[in-house]
2 protein chains.
Amino acid sequence: MKVTMKKIAEEVGVSVTTVSHVVNGTKKISSEKYNQIMEIIRKHNYVPNYSAKNLRSQSTKTAGLIVPSFPDSYVTGYINSISRRAKEMGYNLLFINTDEDVDYEQETLKLLHSNMVDGIILSPSAKMEESESYSEELLDSSLPIVLISRYHEAFQHSPFVTQDDFQAGYDAAIHLLQHGHRDIGLIYAVSGISPTKNRINGYKKALEEYGVSFNENYLEKGHATVEGSRKAVKSLLEKNKEITALFVLSDLMTIGTISGLKEMNKKIPDEVALIGFGDFPSAPIMDPPVTNISLSPDTLGQTAFDLLLNKINNPGYDKTVHIPNFLITRKSCGC
Amino acid sequence: MKVTMKKIAEEVGVSVTTVSHVVNGTKKISSEKYNQIMEIIRKHNYVPNYSAKNLRSQSTKTAGLIVPSFPDSYVTGYINSISRRAKEMGYNLLFINTDEDVDYEQETLKLLHSNMVDGIILSPSAKMEESESYSEELLDSSLPIVLISRYHEAFQHSPFVTQDDFQAGYDAAIHLLQHGHRDIGLIYAVSGISPTKNRINGYKKALEEYGVSFNENYLEKGHATVEGSRKAVKSLLEKNKEITALFVLSDLMTIGTISGLKEMNKKIPDEVALIGFGDFPSAPIMDPPVTNISLSPDTLGQTAFDLLLNKINNPGYDKTVHIPNFLITRKSCGC
DNA sequence: TAACAGAGGTTAAACGTTTTACTTCATTCA
DNA sequence: TGAATGAAGTAAAACGTTTAACCTCTGTTA
């Protein structure tokens with residue numbers, strides 16, 4: 001049986017209150033009693049019951065982290081920094097991967113409202129952002145929520161931190177345009193979510209600045225896997241033989257795209273230049289080394305947690321942060 | 001303010017007990033009252049307080065997951081399947097990355113003893129397994145613990161699930177030996193932990209079967225990163241120019257090794273054959289495609305969770321499971 | 001008709017803390 | 001001396017559930 005404060009108190013011959021004060025340092029206790037109590041605590045390896053603590057204090061020192069997909073190198077990156085930050089701040093982390101399942105996401109959010117967590121860092125599932133609305137109970141509740149990476153307007157009054165997708169799309173396209181490309185294909189996985197939309201908007205804006213008209217056919221959707229993009233790139237290039245450059249919106253898809261191009265015997269970058277998205281470990285030693293938009297998931301995660309802490313302490317808090325990205329130039333774009 | 005059962009009960013004019021029975025379906029309630037209660041519940045978006053539930057029921061339906069490093073593709077893989085399994089079984093997951101920090105690991109374990117979780121899936125930090133012992137309070141406590149991937153004899157009476165490291169080391173070495181290699185280097189990151197030890201033991205056993213004597217100098221330790229193994233392979237090959245094949249014990253290090261070999265202008269597989277460890281997305285399209293020992297993190301994670309469930313329901317439960325690995329042959333081993 | 005069973009509800013204790021408001025006693029100060 | 005102050009400790013309520021035990025009807029059975 002677990003030993004409780006009551007048992008400790010009885011054994012020492014003191015009140016539960018006193019034990020509590022010793023454990024928490026909330027009141028001065030004579031060193032005589034203090035030592036007696038501490039001895040018994042150590043003897044029994046007493047550790048306080050968190051359910052009871054939480055119930056009484058109405059706080060759990062736990063944050064919920066809800067991600068839409070896993071493992072994914074980017075998500076993985078920010079989970080890591082969130083977990084580090086949580087640790088530093090004395091918080092625990094309740095981890096939930098919704099696997100893009102809208103119903104499970106809603107169910108989970110509801111569950112977390114049960115005083116299970118003090119706040120939530122949420123990256124909505126794709127369908128959610130695209131077309132669903134959150135139930136009112138979530139919205140008018142006072143549970144602090146911070147959005148990360150993906151936006152949903154239901155939470156327009158919550159803090160939001162994201163990689164700067166518009167800038168990323170813009171930078172990649174500008175770089176290719178500067179080097180003479182005019183027919184730039186774009187391979188993406190998930191439509192409807194803000195990252196995809198904003199990246200495409202950045203790409204469009206760049207085209208516009210160069211007076212190149214936007215061609216809907218140059219956008220190719222594929223499954224968010226190596227295999228998916230291998231198929232996608234073939235389909236895209238068969239339909240549009242004039243394409244000379246590609247911008248691929250994820251790391252796994254970048255790998256698949258290279259694989260597809262190799263199978264088609266397309267030389268990178270001579271026949272098709274390539275810019276990928278998200279740095280992955282093998283990018284520098286691929287054949288050819290891959291130029292890509294490098295993200296900062298670490299900064300993203302850390303910022304998310306700090307925003308959450310602010311939101312918890314100050315319910316009116318509301319801020320949007322854009323984390324900049326950087327183009328890392330290697331051989332695959334031919335520049 | 002949060003609405004509680006008490007408020008619901010008052011509003012309907014019924015006892016708290018009745019509300020509880022409606023919420024949990026623990027007793028037959030007349031449909032008249034049932035409907036009234038449900039209506040008010042929905043009106044207020046009532047959701048039960050989990051701290052109170054947990055306190056009363058002495059269970060949290062939450063499992064702790066303590067990993068030694070993150071992100072790491074293998075760890076990431078099993079986290080994913082653990083989280084999926086937890087979801088299926090109605091459990092929550094408290095995620096902790098110790099970052100190989102022994103003190104934090106101990107502190108965390110202690111914390112989780114506070115009725116925060118119903119059980120723990122643990123992969124000990126390296127130093128822990130190498131030289132530290134767990135405090136008694138953890139060992140004689142009744143909190144169910146399952147070890148995953150890394151072993152620690154303190155938990156010899158807990159279930160344990162691991163990839164079959166001995167077999168992996170053996171298979172890789174046998175494969176290279178069969179193809180005529182006699183001077184096989186091995187690059188690893190963390191000594192002292194069971195995976196490394198067992199892989200090396202498997203490698204030794206294979207050498208023995210082929211009557212090749214084991215050479216201590218062929219083992220090279222490096223930092224568990226791309227950069228670390230790039231340095232390691234250079235150092236190893238400079239000291240031992242006769243080496244014709246390499247076995248590398250992690251995916252990141254495989255990437256770094258290839259990078260190092262390229263910088264040294266060593267042709268793979270003609271001058272140095274290579275077998276890596278752990279499948280990574282770009283392995284098939286590297287130059288050359290990489291032969292490796294493919295692990296099954298999914299099976300590992302799922303098994304871990306199932307073992308934990310068994311352990312929770314039956315404290316005497318104790319089982320060790322070895323998940324087999326497979327050699328995936330591609331170009332880099334020259335076979 | 002008496003005894004019983006079952007349906008539908010309620011009361012109150014219990015889970016293990018924290019914390020407010022009290023008590024008691026010794027000391028200090030004027 | 002008497003009042004005020006402070007130090008050390010305690011009693012009891014509160015947090016929001018679950019659940020064993022009990023109660024009160026109504027209808028059934030012998």
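All figures in this text were calculated on a predicted structure; none of them were measured in a lab. Letters A, B, ... are given to chains in the order of the sequence lines, protein chains preceding strands, and every chain is numbered from 1.
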With a cut-off of less than 4.0 Å, is there a side-chain N or O of [X] near OP1 or OP2 of [N]?
{"X": "A:Thr18", "N": "D:dG9", "answer": "no"}
{"X": "B:Ser30", "N": "C:dG8", "answer": "no"}
{"X": "A:Asn54", "N": "C:dT17", "answer": "no"}
{"X": "B:Gln58", "N": "D:dT18", "answer": "no"}
{"X": "A:Asn115", "N": "D:dG16", "answer": "no"}
{"X": "B:Thr26", "N": "D:dT19", "answer": "no"}
{"X": "B:Lys53", "N": "D:dG16", "answer": "no"}
{"X": "B:Ser15", "N": "C:dT10", "answer": "yes"}
{"X": "B:Tyr46", "N": "D:dT17", "answer": "yes"}

### Task
Inspect the surroundings of CD in A:Glu88 and state if more than 12 heavy atoms from other residues, nucleotides or ligands are less than 6.0 Å away.
yes

Write down the distance between [atom1] ([X]) and [atom2] ([N]), rounded to a whole number of angstrom.
{"X": "A:Asn49", "N": "D:dC15", "atom1": "CG", "atom2": "P", "answer": "18 Å"}
{"X": "B:Glu10", "N": "C:dT11", "atom1": "CD", "atom2": "C1'", "answer": "16 Å"}
{"X": "B:Glu32", "N": "C:dA7", "atom1": "CD", "atom2": "C1'", "answer": "14 Å"}
{"X": "A:Ile41", "N": "C:dG16", "atom1": "CD1", "atom2": "P", "answer": "16 Å"}
{"X": "A:Lys28", "N": "D:dT5", "atom1": "NZ", "atom2": "P", "answer": "21 Å"}
{"X": "A:Lys7", "N": "C:dA14", "atom1": "NZ", "atom2": "P", "answer": "14 Å"}
{"X": "A:Tyr34", "N": "D:dA7", "atom1": "OH", "atom2": "P", "answer": "19 Å"}
{"X": "B:His113", "N": "C:dG16", "atom1": "NE2", "atom2": "P", "answer": "16 Å"}

## Note on the structure
Axis-to-axis angle across the helix from C:dT1-D:dA30 to C:dA30-D:dT1, five pairs each end, nearest 10 degrees, ~ 50°

Between [X] and [Y], is any side-chain donor less than 3.5 angstrom from a side-chain acceptor?
{"X": "A:Asn115", "Y": "B:Ser51", "answer": "no"}
{"X": "A:Ser125", "Y": "A:Glu100", "answer": "no"}
{"X": "B:Glu153", "Y": "B:Tyr134", "answer": "no"}
{"X": "B:Ser20", "Y": "B:Thr17", "answer": "no"}

## Note on the structure
Value for OG1 (A:Thr320) from NE2 (A:His322), rounded to nearest 0.5 Å, stands at 6.0 Å

Have a look at [X] and say if it touches a base, only the backbone sugar-phosphate, or nothing, with a 4.0 Å heavy-atom cut-off.
{"X": "B:Leu55", "answer": "base"}
{"X": "B:Ser57", "answer": "nothing"}
{"X": "B:Val16", "answer": "base"}
{"X": "A:Ser20", "answer": "base"}

[X] (side chain) and [N] (base): donor-acceptor pair under 3.5 Å:
{"X": "B:Arg56", "N": "D:dT18", "answer": "yes"}
{"X": "B:Thr17", "N": "D:dT18", "answer": "no"}
{"X": "B:Lys33", "N": "C:dG8", "answer": "no"}
{"X": "B:Lys27", "N": "C:dG9", "answer": "yes"}

### Query
Starting at the 5' end of DNA chain D and moving along, which residue's nearest nucleotide shows up first, B:His21 or B:Ser51?
B:Ser51

### Closest approach of A:Met128 to A:His152 (non-hydrogen atoms, all atoms of both residues)
O-NE2, 3.1 Å

### Query
Does NZ or CZ of B:Lys319 come closer than 6.0 Å to the centre of the six-membered ring of B:Phe160, within 45° of the ring's axis?
no

### Upstream residue (5' side of DNA chain C) when A:Pro48 and B:Val14 are each assigned their closest nucleotide
B:Val14

#### Entry: Side chain A:Ser15, main chain A:Thr18, donor-acceptor under 3.5 Å
yes

